[in-house]
Amino acid sequence: MVKERLMGHGNCYGHCKEPSELKLLSQKKMMIGCYACPSGYVSLIVHYGKEVDLHGFKTFLSSLRAGDVADEDIRVATRYNWDLGINEPEGPVLREAYWRQSYRRTKSEDPNRMALFHCTNCNSFYNQQVSDKNKFCPKCRPLKVQ
Ligand SMILES: [Zn+2]
Ligand SMILES: [Zn+2]
């Protein structure tokens, strides 16, 4: 259902003007969606569920970003059936916990700041400088250069 209803496009935020696209990731028991632009910059990471596992989501984010995630960086929203364009069931049907990369307490415009990217080849997460033009994680880079 998430795939059908939420497959929206946004624009890359805090990096470039390209559209960012939703990719759904299977992450243990959590349903995770990641919005990334064609260069792989991650604008938004969303955890969907009937109930959201905030602790699990934060742990997941921290594992990607080396402990740089605080509770106040994570927002929770509720989607209702009318919101998703379906009739059943009544009431809230889906919760989303989301984390926006550009929303940071330590907001910085430094082009050399480290940021989270999503490899366009193997779909793994990696960190590199915002100004870095690589679209691939360090593992895929040697393969792609040849
Ligand atoms: Zn971008
Ligand atoms: Zn890769």
Next item on the list: Go through Glu96 and Val52 one step at a time and tell me if the side-chain contact (heavy atoms from CB on, under 4.5 Å) criterion holds.
Entry: CA-CA 7 Å; Glu96 302 173 353; Val52 291; 5.8 Å; no
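Panel note: side chain Asp132, backbone Asn134; a donor-acceptor pair is recorded below 3.5 Å. A donor-acceptor pair is defined here as one N or O able to donate and one able to accept, closer than 3.5 Å; such a pair exists between the side chain of Arg141 and the backbone of Phe136. Put simply, the side chain of Gln101 gets close to the backbone of Leu116: a donor and an acceptor are under 3.5 Å apart. Ser43 places a side-chain N or O within donor-acceptor distance of the main-chain N or O of Tyr13, the cut-off being under 3.5 Å. Between the side chain of Glu18 and the main chain of Cys12, no donor-acceptor pair closer than 3.5 Å is present.
Counting all heavy atoms, side chain and backbone alike, Ala77 lies closest to Tyr98 at CB-CE2, 4.0 Å. Closest approach of Asn121 to Cys140, counting heavy atoms only: ND2-SG, 3.2 Å. Taking each heavy atom of Tyr126 and Cys137 in turn, the nearest pair found is CD2-CB, 3.4 Å. When all heavy atoms are compared, the tightest approach of Ala115 to Tyr41 is CB-CE1, 3.8 Å. Smallest separation of non-hydrogen atoms from Leu24 and Tyr48: CD2-CE1, 3.9 Å.
Looking only at side-chain heavy atoms (C-beta outward), Arg95 and Glu51 come within less than 4.5 Å of each other. Ile32 is listed as a side-chain neighbour of Ile45, based on a closest heavy-atom distance under 4.5 Å. Between Val69 and Ile74, the closest side-chain pair of non-hydrogen atoms falls below 4.5 Å.
Phe117 and Trp99 are assigned to two separate hydrophobic clusters, defined by single-linkage of ILVMFWY side chains at heavy-atom distances under 4.5 Å. A single hydrophobic cluster is seen to contain both Met31 and Val46, as judged by linkage of ILVMFWY side chains at heavy-atom distances under 4.5 Å, directly or through other members.
The OG1 atom of Thr78 lies 8.5 Å from the CG atom of Leu94; values are rounded to the nearest 0.5 Å. For the atom pair CE of Met30 and CG of Leu25, the computed distance is 10.5 Å after rounding to the nearest 0.5 Å. Taken to the nearest 0.5 Å, the OG1 atom of Thr59 stands 10.5 Å off from the CG atom of Leu54. Within the model, atoms SG of Cys119 and NZ of Lys135 stand 11.5 Å from one another, a figure rounded to the nearest 0.5 Å. Here the straight-line distance linking atom CG of Leu44 with atom OG of Ser20 works out to 7.5 Å at 0.5 Å rounding. Rounding to the nearest 0.5 angstrom, the gap separating the NE2 atom in His15 from the OG atom in Ser131 is 8.5 Å.
With sequence neighbours left out, the ring-ring contact (aromatic ring centres under 6.0 Å, His included) criterion links Phe57 to His47.
Taking the ring centroids of Phe60 and His55, they lie at or beyond the 6.0 Å cut-off.
Ring geometry for Phe125 versus His118: interplanar angle of 30 to 60°, hence tilted.
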